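What you are looking at is a predicted structure, and each value in this text was computed from that prediction instead of being measured. Per chain, numbering begins at 1; letters A, B, ... match sequence-line order.
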Protein chains: 2
Amino acid sequence: MEDRAPASIKQFEERLIDVSESLPKRLRQCAEYVAANKDRIAVSTVAEMAEGAGVQPSAFMRFCRILGFSGFSEMQRLFRESYAGGWPDYSTRLKNLREKAEGSASALLGEFVDAGRASLENLLKTIDAKTLDDAAEALAKAQMIHIIGLRRSFPVASYISYAFEKMNVPAMLHSGVGGLDNHNAIRTGDVLLAVTFSPYSAETVDMVEAVSARGIPVVALTDTIVSPLRKFEAITLSVSEVDFGAFRSLSATLCLAIVLSVAVGTKRSE
Amino acid sequence: MEDRAPASIKQFEERLIDVSESLPKRLRQCAEYVAANKDRIAVSTVAEMAEGAGVQPSAFMRFCRILGFSGFSEMQRLFRESYAGGWPDYSTRLKNLREKAEGSASALLGEFVDAGRASLENLLKTIDAKTLDDAAEALAKAQMIHIIGLRRSFPVASYISYAFEKMNVPAMLHSGVGGLDNHNAIRTGDVLLAVTFSPYSAETVDMVEAVSARGIPVVALTDTIVSPLRKFEAITLSVSEVDFGAFRSLSATLCLAIVLSVAVGTKRSE
DNA sequence: TCAGAAATGGACTATAAATTCTATTTTTCT
DNA sequence: AGAAAAATAGAATTTATAGTCCATTTCTGA
């Protein structure tokens, strides 16, 4: 109605406070219910919200418009979108990019920076603190940490390896140089840290399988929960990167990698 | 279909893992997308989920039924009911994490995520579009791209190497395995891409010096402008990472690395 | 290599939800 | 207290979205 619709949750809240002074009975009920149940807006229908507030749906609609929205849907959209942060859908953006900026390097940079930031936020939201701690604990107890990660995961593995080295944590990077697999270097008391992402490299999965069968603990860094490493009894940390096109930046993965490394380093020196 | 619908998120996840072993292509895409974006289910439509997974809505519906639901709505209901809302927002979450989890692995995670985000933002602000384009241009013209980056920079170098491989760009990673330096593999018409950060590894600097003396173009990825690579006539891209403690996450560097790789890949295929 | 089965894409339909409209009630002001 | 204005409830309408169906493609096993 009056001016333009709130563009952020913050603006929405301000607006709500402004307005709620001078509201007739039913609309005030709406305001109060909404204030107390902001999180329900994203997942409810007008009918449900109206019932919650004890008013008719049409009253709730009027309330939405007083707040500056064209209707309930527009208000709901604000909440749905701001949940989980900006979720630009990258397939559309990639298409636009191809058409418009024609792959100019700096346009690409913007996209990848965005993807990276979204991934990091997502990591913070989805990682399970308990699992992370368990993983660090298991690795800290190891006599020697064996690290494996091939192809796309190799940068991560080598990064972890470097970090451990710097912190004097005994670690061995299994890089598969020369086609050697060095399974025998892994001994009782050691722990395997496996990094693998879709498409999961067979060597890594094989090593986890072999090692796991021998009762050696495995910590896995992987994407999503449907990774093939689930089958084995590994402590699994899953990270999902926001892809941009066919390319995956490793921001979140590396962040988790360094956190894990530092946590292990700290625990060991205690 | 089979038995009854999952009654909790936990059951849902188990079911997802169970089922995901034996799934045809499109349905697997659904499983993967869902696994990585569980939080979107509550606030999206089938069409949106399907698009995210890269499948047709009808395929996504089939997926819901395989999981045991009567349709998308029933599955969504499960998530809407247990939807806790992503609030409070990112910065508040971060603050809580720091204060509460003090010293634990998850507190570390907060710090590194923050450092990573800051680095990415900073990258966007400081990178010079022209230089970035020049670098991509130079690399795109190369007959072969030689990549060097040792120690801390090695993950970056190997990441770039992987990306080039994926895009069919002829590239060679000089990893120094076996103490070989392979200077002679670098020929007229090639370009060297050197990655180095303080403390700058002597091998890298030496290689840049030698190669540069032969008139071969060099693109450098380094920190700050006082890096020793400045002396040579290299196209220099500098990234500064925000450190946390003594540790440096490579978020910004890797982001720049992938941008450069993709830009080169795109230019070459034009 | 071919036949049968499974999987897929896309158009079509049914349904549930948002939105609008209007008669009725409540409030406000003189 | 009575008329005008505002607010409300509920039904009617429109729109968006889930869900269905079937022709076509893609796998699978003989």
From CD of Glu74(A) across to P of dA16(D) the rounded distance in Å is 13 Å
Counting only side-chain N and O atoms of Arg62(B), is one of them less than 4.0 Å from OP1 or OP2 of dA7(C)?
-> no
Separation of dA18(C) atom P from Arg77(A) atom CZ, nearest Å, is 13 Å
In whole angstroms, the gap separating C1' of dG19(D) from CZ of Phe69(B) amounts to 16 Å
Proximal nucleotide (of dT8(D), dT8(C), dA18(C)) relative to the Leu27(B) side chain = dT8(C)
Ignoring backbone atoms, test whether Ser70(B) places a side-chain nitrogen or oxygen under 4.0 Å from the OP1 or OP2 oxygen of dG19(D).
-> no
Residue Pro24(A), side-chain atoms from C-beta onward, closest of dA7(C), dA18(D), dT8(D) | dT8(D)
Would you please confirm or rule out a distance under 4.0 Å between OP1 or OP2 of dG10(C) and any side-chain N or O of Gln56(B)?
-> yes
Protein-nucleotide distance (Phe60(A), atom CZ; dA7(D), atom P), rounded to Å = 18 Å
Centroid-centroid under 6.0 Å between Phe60(B) and Tyr33(B) rings = no
Of Phe72(A) and Lys25(B), the one whose closest DNA chain C nucleotide lies more 5' | Lys25(B)
Measure from CZ on Arg80(A) to C1' on dA18(C) and round the result to the nearest Å.
-> 12 Å
Is Glu165(B) salt-bridged to Arg151(A), going by a charged N under 4.0 Å from an acidic O?
-> no
Arg28(B) has an atom CZ; how far is it from atom P of dT8(C), in whole Å?
-> 11 Å
May I have the distance from Gln76(B) (atom CD) to dA16(D) (atom C1'), rounded to whole angstrom?
-> 13 Å
By salt bridge (charged side-chain N to carboxylate O under 4.0 Å, His left out), which residues pair with Glu121(B), not counting sequence neighbours?
-> Arg117(A)
Spacing between Met75(A) atom CE and dT19(C) atom C1', to the nearest angstrom = 15 Å
Lys/Arg N to Asp/Glu carboxylate O, Lys38(A) vs Glu13(A), below 4.0 Å | yes
Just one of Val55(B), Leu27(B), Leu67(B) clears the side chain to side chain contact (heavy atoms under 4.5 Å, CB included) bar with Arg62(B), so which one?
-> Leu27(B)
Taking atom types as they are modelled, is there a donor-acceptor pair under 3.5 Å from the base of dA9(D) to the side chain of Ser58(A)?
-> yes
Would you please confirm or rule out a distance under 4.0 Å between OP1 or OP2 of dT19(C) and any side-chain N or O of Arg65(A)?
-> no
